[in-house]
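Sequence lines set the chain letters: A, B, ... in the order given, protein chains first and strands last, and positions in each chain run from 1.
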Number of protein chains: 2
Amino acid sequence: MTSVGGRRSGRARDERAERGIPEATVARLPVYLRALTALSDLDVATASSEDLAVSAGVNSAKLRKDLSYLGTYGTRGVGYDVNYLRYQIAREIGLTQDWPVVIVGIGNLGHALANYSGFASRGFRVAALLDSDRARVGEKVGELPISSLDDLEEIVRASSVSIGVIATPAAAAQDVCDQLVAAGVSSILNFAPALLAVPDHVDIRKVDLSIELQILAYHEQRKAAGLAEIKADAG
Amino acid sequence: MTSVGGRRSGRARDERAERGIPEATVARLPVYLRALTALSDLDVATASSEDLAVSAGVNSAKLRKDLSYLGTYGTRGVGYDVNYLRYQIAREIGLTQDWPVVIVGIGNLGHALANYSGFASRGFRVAALLDSDRARVGEKVGELPISSLDDLEEIVRASSVSIGVIATPAAAAQDVCDQLVAAGVSSILNFAPALLAVPDHVDIRKVDLSIELQILAYHEQRKAAGLAEIKADAG
DNA sequence: AAGAGTTTGTGAACGCGAGAACAAAATCGT
DNA sequence: ACGATTTTGTTCTCGCGTTCACAAACTCTT
């Protein structure tokens with residue numbers, strides 16, 4: 001409990017940022033970043049936690065607590081310097097560096113993702129587009145040509161890719177996932193409606209359109225049932 | 001506390017399903033449904049909570065508790081009848097009926113969504129594609145022609161649409177959202193990277209690619225930092 | 001028919017995250 | 001220079017969701 005702790009080096013570092021920002025907070029940092037960027041574009045120099053909270057759509061106490069995990073970047077009685085805080089959050093997330101990304105599966109969705117401008121604007125760069133259909137290899141999508149899935153390993157090594165996006169049909173997803181992991185990719189964003197198994201050291205997140213719609217349908221049905229009940233009681 | 005409760009009608013109903021399935025459970029029901037469908041396709045007649053939990057990628061106790069909110073559909077010592085449970089979950093979510101959906105913003109993403117086969121296979125039907133660009137009105141995407149955003153209200157009324165999907169640029173999202181709400185849509189799935197304000201009675205869910213990537217980047221950076229630290233300590 | 005073996009449904013403990021509330025620290029006005 | 005005001009950073013409490021653990025309920029074997 002005294003002096004040397006764990007495998008920390010001797011150099012003093014910011015204790016607060018050292019270990020463990022709660023996952024819920026991490027998920028909100030990009031939202032704050034977006035709000036700060038919007039304020040910055042409007043030439044707002046400083047903003048209170050309340051201002052920011054409104055822009056981000058969260059409770060101000062929650063926002064202050066979230067920011068406190070990063071460090072003490074605010075000034076009591078004043079608020080937060082918009083550009084300074086924006087930089088600090090960007091640095092914390094890792095957006096001060098460039099992240100090469102490969103997209104696997106260039107169907108309708110892969111196409112859309114390849115052309116998505118939100119990639120480049122936030123430090124993500126599409127390094128390659130891959131598809132298992134040999135007939136499509138060479139075809140251009142925007143600036144980039146489609147490469148063969150066989151070249152995955154070489155591309156990942158050559159461009160130091162650590163993030164992969166899966167936009168294949170569900171049936172192919174696990175196989176592609178395994179290949180990505182074997183090639184050295186350690187973060188995966190999965191758009192295929194399938195459960196993917198990965199080793200512990202690999203992070204995986206899924207985006208599932210169909211699930212989102214089903215959740216909406218559940219609530220929608222509930223609203224309709226409530227109305228029907230009121231009607232029945234009245235009649 | 002006795003006899004007549006709230007605005008319930010006199011008819012007895014299943015108390016369990018009557019009110020309030022936890023939101024976390026609702027979000028998992030579609031996952032269970034997918035797992036059950038997969039098992040059904042493999043002609044598996046019954047499955048234990050453990051089997052299902054593995055297929056769905058969750059803890060079996062959690063799965064049992066989730067299912068218990070719907071009713072008592074399992075048999076102790078045996079497990080769950082796959083097809084029966086599948087039907088019950090589908091009914092609970094509201095997938096026994098057909099949900100017409102409108103998609104607004106037919107750019108790259110809107111195109112991909114319009115052609116997404118996962119829609120139809122789960123009871124969602126694309127009723128119309130809308131775009132504000134008059135030059136594109138009439139253009140066909142798959143089977144459907146693009147309609148003008150001006151016709152939104154009529155389309156919503158004619159087809160009893162209650163779910164809308166926003167796939168426009170961020171700048172247009174709030175305006176489109178307001179129009180959807182005004183037309184009578186009460187559930188919205190938003191793909192635009194923008195915070196949308198809606199009345200209380202409207203449900204909204206967002207899917208944000210850029211945020212997902214940023215979350216992955218944070219963890220990726222963390223892994224890299226950890227490695228660097230170990231290297232530095234060793235050297 | 002009765003005991004052995006399974007598997008569900010649920011009570012209880014625990015941990016995390018949300019939000020209220022407040023002390024500490026900065027600015028501003030006089 | 002000092003009190004009033006603003007706003008942060010943090011402590012505390014509460015509720016929700018996850019997980020463990022076990023009694024109840026069912027099947028199967030003999």
Exercise. Under 4.0 Å between a side-chain N or O of A:Ser49 and OP1 or OP2 of D:dT8?
Worked result: yes
For this session: Find the distance B:Arg64:CZ to D:dA23:P and express it as a whole number of Å.
Result: 15 Å
Exercise. Is there a donor-acceptor contact under 3.5 Å linking the side chains of A:Arg222 and A:Tyr218?
Worked result: yes
Exercise. Counting side-chain heavy atoms from C-beta on, which of D:dG9, D:dT18, D:dA21 comes nearest to A:Thr72?
Worked result: D:dG9
Exercise. Between B:Tyr80 and C:dG9, is there a side-chain N or O to OP1/OP2 distance below 4.0 Å?
Worked result: yes
Problem set entry | First of A:Glu23 and A:Val78 reached from the 5' end of DNA chain C, by closest nucleotide | A:Glu23
For this session: Tell me which nucleotide among D:dG9, C:dT7, C:dG9 gets nearest to the side chain of B:Ser48.
Result: C:dT7
Exercise. Starting at the 5' end of DNA chain C, which residue's closest nucleotide do you reach first, B:Gly74 or A:Pro22?
Worked result: B:Gly74
Exercise. Nearest to the side chain of B:Arg28, which nucleotide is it out of C:dA18, D:dA25, D:dT18?
Worked result: D:dT18
Exercise. So, A:Tyr73 versus A:Tyr80, ring centres under 6.0 angstrom or not?
Worked result: no
Exercise. Which atoms form the tightest heavy-atom contact between A:Ala192 and A:Thr168, and what is the distance?
Worked result: CB-O, 3.4 Å
Exercise. Below 3.5 Å, does any donor atom in the side chain of B:Arg76 face an acceptor in the base of C:dT8, or the other way round?
Worked result: yes
Exercise. At under 4.0 Å, does any side-chain N or O of B:Asn59 touch on OP1 or OP2 of D:dG17?
Worked result: no
Problem set entry | Side chain of B:Lys65 - closest among D:dT7, D:dG17, C:dG11 | C:dG11
For this session: Compute whether any side-chain donor of one residue and acceptor of the other, for B:Ser210 and A:Arg122, lie under 3.5 angstrom apart.
Result: yes
Problem set entry | Whole-Å gap separating C1' (D:dT18) and OH (B:Tyr69) | 10 Å
Problem set entry | Side-chain H-bond candidate by donor/acceptor type, B:Asn83 with B:Ser40, under 3.5 Å | yes
For this session: Take atom CG of A:Leu63 and atom P of C:dA20, then tell me their distance rounded to the nearest Å.
Result: 14 Å
Exercise. Picking from D:dT10, D:dT7, D:dC20, which would you name as closest to the side chain of B:Ala61?
Worked result: D:dC20
